[in-house]
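Structure record follows, encoded as structure tokens.
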There are 2 protein chains.
Amino acid sequence: MECKPTIEDVARLAKVSIATVSRVINNQGGVRKATEERIVNAINELGYIRSAVARSMKRKETHTIGIIVPDIKNPFFPLVVSGIEQKAREKGYYTILSSTNESPMVEEEIVKIFIERGVDGVIITTANEAGDHIKLLHDQGIPIVAVDRAIKNFEVDTVLVDNVNGSYQAVQHLILQGHKKIAIICGPQNTTPGHERFLGYKKALEEYNIPFDESMVIQGDFMEGSGYHAAQELFDLETRPTAIFSSNNLMTIGCVKALIDLDWKLGEEVSFIGFDDVEIATFIKPKLSVVSRPMNTLGEIAVQLLYERMNVKENLPKRQYLLSPELKIRESCQLSKKKI
Amino acid sequence: MECKPTIEDVARLAKVSIATVSRVINNQGGVRKATEERIVNAINELGYIRSAVARSMKRKETHTIGIIVPDIKNPFFPLVVSGIEQKAREKGYYTILSSTNESPMVEEEIVKIFIERGVDGVIITTANEAGDHIKLLHDQGIPIVAVDRAIKNFEVDTVLVDNVNGSYQAVQHLILQGHKKIAIICGPQNTTPGHERFLGYKKALEEYNIPFDESMVIQGDFMEGSGYHAAQELFDLETRPTAIFSSNNLMTIGCVKALIDLDWKLGEEVSFIGFDDVEIATFIKPKLSVVSRPMNTLGEIAVQLLYERMNVKENLPKRQYLLSPELKIRESCQLSKKKI
DNA sequence: ATATAAAATCTAAACGTTTACATTTTTAAT
DNA sequence: ATTAAAAATGTAAACGTTTAGATTTTATAT
């Protein structure tokens with residue numbers, strides 16, 4: 001309706017100067033009890049709410065964290081974001097979120113707008129790990145924390161999941177069940193997660209002296225469709241794999257859909273482990289075994305790192321967290337029929 | 001690093017006044033070609049980025065939309081939010097998101113902070129439909145759009161899904177397949193969606209002269225656990241229902257889990273339709289029939305309404321959208337065995 | 001060349017805070 | 001009662017924009 005009351009209105013009503021009002025709304029102390037009371041009353045009477053904009057103007061900080069994710073529709077991210085949001089709010093920060101659709105160009109544009117808006121820090125899962133397109137942030141001295149995907153061309157705090165270890169564990173498990181022909185549905189090899197999960201796969205094979213077979217490696221793009229096609233391809237092979245490892249959640253979904261459509265019996269004819277838990281995992285029969293990442297924790301640690309970086313003046317060294325994923329054994333991997 | 005360049009630095013370098021610089025960064029025209037060029041060069045040279053904070057200060061608008069949802073982990077909301085976010089960005093607005101965990105108190109607190117931050121508008125799915133706790137927004141003249149849940153105690157634009165119609169269609173479908181003993185797992189009756197979906201159920205029964213049977217009504221709370229228990233309860237009944245209608249996605253998940261655990265054969269012994277599509281719907285055999293809501297559209301329309309409200313000075317009348325859900329017939333409802 | 005209108009540019013005041021510093025009031029010590 | 005020290009309060013200048021309105025420059029008509 002009418003103009004919102006300002007600190008000045010409060011001051012006038014309480015018959016003090018704005019400085020004193022400012023002191024009480026910021027709990028800085030040094031105000032006589034009686035005066036404070038008068039001010040508080042004035043505030044209530046007027047329904048005064050201080051302007052964060054004006055405050056940011058003076059303080060040069062917005063208490064806002066920018067979040068950039070590549071695809072908010074991927075169920076992985078809402079969980080990370082939820083962790084971030086909650087932890088941030090605890091610490092008095094709010095978040096502004098944008099999804100880039102995996103486009104570095106959109107990302108660059110968003111970075112620009114975040115800077116305009118004066119975010120105090122950014123948590124990002126970048127669409128391009130080189131990171132040159134977001135150098136601007138770094139140049140402005142805005143703290144950055146990279147989540148789930150590293151940034152190559154300059155130093156930032158990073159919180160990653162141990163992808164190599166995660167897929168190693170999964171494949172190891174399959175090997176120990178007697179599988180020899182283990183297929184992998186890969187993610188893009190120019191992304192850290194895609195590459196590292198492939199590395200873990202190879203490492204497990206090597207360690208157990210299973211010969212590496214090119215035909216067991218299908219390239220996917222982390223999207224559902226590619227998981228579906230990959231399964232088809234594997235099904236059409238002369239010698240089919242007895243187990244499949246899928247490198248991410250969406251491809252897992254695609255793959256499982258294909259298995260159903262192909263009537264390729266999950267757990268019986270082909271064992272399966274997927275990277276990342278998915279909602280469907282416990283619905284289908286047999287229940288899917290998965291490598292599960294602590295997404296909430298991922299977000300929380302990101303906030304913690306960012307918080308320190310935003311509030312500590314001294315030059316902190318670059319920090320890198322590596323969270324361990326957890327192998328959740330359910331029912332989708334059985335002992336291989338061909339026992340040795 | 002060093003202090004960011006301001007409009008003043010640009011002006012100095014381009015040898016003009018700040019007013020002229022302001023004109024060019026806002027494309028207001030009325031600037032000589034040569035001057036503009038000089039200014040643009042200066043901007044690039046300095047890497048100047050205008051401060052949105054200072055701008056908001058003067059303009060008294062932040063181009064920020066606050067979003068309040070009760071539970072960001074419910075897969076329904078990320079989809080709505082995604083629709084909002086995208087449409088908002090198109091229109092030059094950014095969003096700040098908070099999840100309340102269904103707590104009106106948290107909601108009230110968030111509202112306060114949103115006001116502090118000067119959001120231009122709010123899109124909300126409230127935790128308490130009375131809405132008294134968010135009256136503050138209304139008092140400040142901040143436009144509000146209610147999504148999915150109405151607000152009772154004052155007038156706001158609203159975009160809802162036709163719940164009555166949605167559940168009516170679902171139950172009608174079951175009836176037409178010959179079912180007589182149709183159970184409903186209800187949501188909380190003090191929420192609009194919970195109540196309306198129950199209404200649709202009753203309406204269908206009445207219209208087809210099926211006697212209303214109290215034992216077929218189980219109260220749930222829209223959470224997974226209650227869906228699970230509801231199914232158990234129904235299973236334990238002397239005369240079990242031949243069909244179940246679940247009032248939301250989470251309860252659907254719980255219910256289906258129970259059916260599996262109870263070995264109560266979905267589609268054969270008991271037909272099923274759920275309100276809201278769920279990821280698992282097309283995975284389990286038989287595939288789940290559902291009432292599907294257009295969540296992306298829900299978000300987009302909300303932004304459209306809010307946008308108009310924010311930018312039109314005249315008093316717009318209260319507007320109310322009612323989106324029709326769509327019944328997606330898949331495989332989980334079969335003709336009732338007991339034909340008449 | 002001059003007068004006038006139009007276009008470009010500038011000046012300065014806001015916007016609502018915070019904060020260093022100055023001033024006044026209170027308290028405590030004599 | 002006087003004075004010094006401490007505490008409370010006030011003054012005024014930022015912060016980086018936008019924007020009326022004033023002023024200067026340029027273009028146009030005579």
Side-chain angles (χ1 to χ4, degrees), chain A residues 2-40 42-43 46-64 92 112-113 115-120 140, chain B residues 2-40 42-43 46-64 92 112-113 115-120 140:
Chain A
E2 59 317 311
C3 252
K4 287 194 221 161
T6 75
I7 197 174
E8 213 159 338
D9 300 317
V10 175
R12 196 173 315 123
L13 184 56
K15 300 200 192 311
V16 294
S17 76
I18 57 172
T20 311
V21 177
S22 177
R23 251 167 238 125
V24 349
I25 58 188
N26 291 300
N27 298 309
Q28 290 175 320
V31 176
R32 205 188 307 276
K33 200 69 184 278
T35 326
E36 169 157 4
E37 205 165 298
R38 241 165 49 232
I39 293 174
V40 170
I43 287 177
L46 295 171
Y48 166 76
I49 296 181
R50 85 130 120 41
S51 154
V53 172
R55 169 175 239 253
S56 294
M57 176 95 191
K58 191 84 229 295
R59 287 286 210 85
K60 284 147 162 285
E61 62 179 21
T62 55
H63 270 219
T64 302
K112 179 96 181 294
I113 291 174
I115 294 175
E116 254 192 51
R117 300 199 153 219
V119 296
D120 294 343
Q140 304 275 325
Chain B
E2 58 320 303
C3 252
K4 287 195 221 161
T6 76
I7 198 173
E8 212 159 337
D9 300 317
V10 175
R12 197 173 314 121
L13 183 57
K15 300 198 191 312
V16 294
S17 77
I18 58 172
T20 311
V21 176
S22 176
R23 247 166 244 125
V24 349
I25 59 188
N26 291 301
N27 297 310
Q28 290 175 320
V31 176
R32 206 190 309 275
K33 200 68 183 279
T35 324
E36 168 157 3
E37 203 165 299
R38 241 166 47 232
I39 293 175
V40 170
I43 288 176
L46 295 172
Y48 166 76
I49 296 181
R50 86 128 123 39
S51 153
V53 172
R55 170 176 238 255
S56 293
M57 175 94 191
K58 191 84 227 299
R59 288 285 211 83
K60 287 149 158 284
E61 61 178 24
T62 55
H63 271 219
T64 302
K112 180 95 181 295
I113 291 175
I115 294 174
E116 255 191 49
R117 299 197 154 221
V119 296
D120 294 343
Q140 303 276 326

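Here is the naming used below: chain letters follow the sequence lines, and residue numbers restart at 1 for every chain.
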Do B:V53 and B:M57 make a side-chain contact, defined as non-hydrogen atoms from C-beta onward lying under 4.5 Å apart? no
Would you say A:R32 places a side-chain N or O within less than 4.0 Å of OP1 or OP2 belonging to C:dT25? no
Describe the nucleic acid contact of B:V16 in one word from base, sugar-phosphate, nothing, applying a heavy-atom distance below 4.0 Å. sugar-phosphate
Which is it for A:L13 and A:D9 under the side chain to side chain contact (heavy atoms under 4.5 Å, CB included) test, yes or no, and what are the steps along the way? CA-CA 6 Å; A:L13 184 56; A:D9 300 317; over 6 Å; no
A:N26 CG - C:dG16 P separation (whole Å): 17 Å
Report yes if at least one side-chain N or O of B:S22 is closer than 4.0 Å to OP1 or OP2 of D:dT18; otherwise report no. yes
Would you say C:dA8 has OP1 or OP2 under 4.0 Å from some side-chain N or O of B:T35? no
In whole angstrom, what separates A:I39's CD1 from C:dT17's P? 14 Å
Please determine whether a side-chain nitrogen or oxygen atom of B:S17 lies at a distance below 4.0 Å from atom OP1 or OP2 of C:dC10. yes
A:A54 side chain: which of C:dT19, C:dG16, D:dT19 is closest? C:dG16
With nearest nucleotides of DNA chain D determined for B:T20 and A:R23 from heavy-atom distances, which residue corresponds to the more 5′ nucleotide? A:R23
Side-chain N,O (A:S56) to OP1/OP2 (C:dT17) below 4.0 Å: no
Could you state the atom-to-atom distance from CG of B:D9 to P of D:dT17 in whole Å? 9 Å
Under 4.0 angstrom between B:Q28 side-chain N/O and D:dT19 OP1 or OP2: yes
Between C:dT9 atom C1' and B:I18 atom CD1, what is the distance in whole Å? 12 Å
May I ask you to verify whether the side chain of B:K58 and the base of D:dT18 hold a donor-acceptor pair under 3.5 Å? yes
Can you tell me how far P of C:dT17 sits from CD of A:E61, to the nearest Å? 16 Å
Taking OP1 and OP2 of D:dT18, is either one under 4.0 Å from a side-chain nitrogen or oxygen of B:R55? yes
Quick check against the 3.5 Å criterion: does B:S22 have a side-chain atom that pairs as donor or acceptor with the backbone of B:I18? no
Whole angstrom is fine here: how far is it from CD in A:E8 over to C1' in D:dA12? 12 Å
Whole angstroms only, please: what is the CZ-C1' distance between A:R38 and D:dA8? 12 Å
Looking at A:K33, A:R38, A:E37, which hits side chain to side chain contact (heavy atoms under 4.5 Å, CB included) with A:T35? A:R38
For A:T62 and A:R117 the tightest heavy-atom approach is CG2-O, 3.6 Å
Could you tell me how far apart B:K60 (NZ) and C:dT17 (C1') are, to the nearest whole angstrom? 13 Å
Can you figure out which of C:dG16, D:dG10, C:dT17 approaches the side chain of A:Y48 most closely? C:dT17
